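See below for the structure under consideration.
Because the structure is a prediction, the values reported are computed rather than measured.
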Amino acid sequence: MREPAVRAGSAPAPGAVDVLVAGGGPAGRALAAACARIGLRTALADPAPDRPWRATYAAWAGELPADLPAGVVAARATGRAVALAEHRLGWEYTVLDTAALRAHLDAGLAGVTVHRAKVLGSEPGYARVTDGRIPARLVVDATGHRPARARRPVAEQTAYGLVVDEAVAAPLVAPGEALFMDWRQDHGRAAGSTGAWPTFLYAVPLGGGRVLVEETSLARRPGLPLPELRDRLHARLAHHGVRAPAGAEEERVRFPVEGPIGATLAPGPAFGAAGALVHPATGFSVATALRLAPRLAEALAGPTPLRAARAVVWPAQARMVHVLRHRGLEALLRMPPERVPAFFEVFLGLPAHHRWAYLTGRADLPGTAAAMRALWARADWPLRARLVGPALLPRARPATTG
């Protein structure tokens, strides 16, 4: 066991832990376990640490850590997508077993002190919580998505889904397949109609013969209301002759896909969704957090933890990729609804290495730039104008609800 070298803040109080992780989601638990594993005195604070996780976590198989137990993956499938035509993605898509992921991460918390408390902020040597203070040399914010504090709403991904048997979902997605997105207007909302913000169907296996079918708004400012998504999903299912059973399990999704890089519980770093790890084009962040957690723990054990943490989570190229991805998000937010499927037709038609770089290479600046150049080269001039607009114009106004 190494001698910890965390030296953030002033001299800690007696009994102070080296690292206090605020937030008990996948990112927070993964980081707390990684810190404890290398000998750091570690605590985790969450107001409801036993609360079940109800989200569906998915990732490309190539993004998952090599040492993740096989049992954490609930289902593997070949991925496809539909814009104007059908495209095979060429990569394996995985849906995680949420309970197994939770058990795997909890097993790493054996040496971690868990506090049932909400972290409100930090000061040198302490974390401020609802009922007092916890002595800690360094506090890491892994509390998840931040509430919007901007003058305008932030862009959000919203979705409404139902869990059905794979036989029920067969008209939409075959067993062993994952439908990453289907932009066809089978939900009954014409793209040119007032308020017809584009949405797509996401249909993926959950394991055990179950399939999640979900109507999804990729990004909107503010997010498309869930009742509208529910109505669209039922209309789409009816269009395909699919009848969801009464009492089917529901999934409701709403989270921001844009946000600043930086901490909210200063002076410590932020991690996971709180640290802007959410990909604005996919909404994925869990695989990234699982991969980065051991490296971040090593950084926090060094002599300059804050600087080292920034270098691990947000090296210069990752920051530049972050900017480029958000330019792409802004272009999508400005896109006329009827042009969105055509945009994805161009993107999905790119060579696989370009699509992979844009969707997964968070610190691959050359790959991301090459993918964007390839998209530009294949786009027609009206689409090119939509792509370059975000670099020249102010941020798009919030969409009207409908």
Side-chain angles (χ1 to χ4, degrees), residues 4-55 101-102 105-149 255-256 259-278 285-286 289-290 292-293 296-297 299-302 305-306 308-310 312-313:
V6 177
R7 298 188 181 92
S10 59
V17 295
D18 296 309
V19 178
L20 172 68
V21 180
R29 276 175 155 79
L31 179 58
C35 289
R37 192 160 52 245
I38 64 172
L40 293 173
R41 294 182 294 272
T42 307
L44 184 144
D46 189 281
D50 302 321
R51 178 175 46 206
W53 295 349
R54 303 198 182 279
L101 174 65
R102 174 72 171 263
L105 295 176
D106 283 353
L109 300 182
V112 176
T113 302
V114 178
H115 297 272
R116 190 178 298 274
K118 181 178 181 179
V119 176
L120 305 175
S122 67
E123 56 194 66
Y126 291 93
R128 289 185 286 106
V129 297
T130 44
D131 57 353
R133 298 191 300 178
I134 299 174
R137 297 185 179 191
L138 186 67
V139 178
V140 178
D141 180 4
T143 53
H145 306 291
R146 306 179 190 178
R149 296 181 180 178
F255 60 85
I261 298 172
T264 55
L265 302 176
F271 190 55
L277 293 190
V278 175
S285 66
V286 170
L290 295 178
L292 285 178
L296 179 55
L300 298 179
L306 300 183
R310 284 192 295 270
V312 165
V313 181

Distance in Å, Leu101 CG paired with Asp106 CG, rounded so as to fall on 0.5 Å steps
9.0 Å
How about Leu306 and Leu138: do any of their side-chain heavy atoms sit closer than 4.5 Å?
yes
Residues Ala32 and Val112: closest non-hydrogen pair is O-CG2, 3.7 Å
Of all heavy-atom pairs linking Arg128 and Ser122, the shortest is NH2-N, 4.0 Å
For Arg137, run the side chain to side chain contact (heavy atoms under 4.5 Å, CB included) check against Leu40, Val19, Asp18 and tell me which one passes.
Asp18
Quickly, which of Asp50, Asp46, Asp131 forms a side chain to side chain donor-acceptor pair (under 3.5 Å) with Arg116? Name it, please.
Asp50
Go through it in stages, so that I can follow the logic: the residues are Ile134 and Val119, the test is side chain to side chain contact (heavy atoms under 4.5 Å, CB included), and I'd like the CA-CA distance, side-chain angles, deciding distance and then a yes or no.
CA-CA 9 Å; Ile134 299 174; Val119 176; 5.8 Å; no
Heavy-atom pair of closest approach, residues Ala27 and Gly272
CB-CA, 3.7 Å
Minimum heavy-atom separation for Pro256 to Val278, with atom names?
O-CG1, 4.1 Å
Considering all heavy atoms of both residues, which atom of Pro49 and which atom of Val114 are nearest to each other, and what is their separation?
CB-CG1, 3.9 Å
Looking at side-chain heavy atoms only, is the closest gap between Cys35 and Leu300 below 4.5 Å?
yes
Kindly determine whether Leu120 and Thr130 satisfy side chain to side chain contact (heavy atoms under 4.5 Å, CB included), including the steps that lead there.
CA-CA 7 Å; Leu120 305 175; Thr130 44; 4.3 Å; yes
Ignoring hydrogens, what is the shortest heavy-atom contact between Leu20 and Ala127? Give both atom names and the distance.
CD2-CB, 3.1 Å
Any chance you could lay out the side chain to side chain contact (heavy atoms under 4.5 Å, CB included) test for Phe271 and Leu292, step after step, and finish with the verdict?
CA-CA 9 Å; Phe271 190 55; Leu292 285 178; 3.9 Å; yes
To the nearest 0.5 Å, how far apart are CG in Leu44 and CZ in Arg29?
6.5 Å
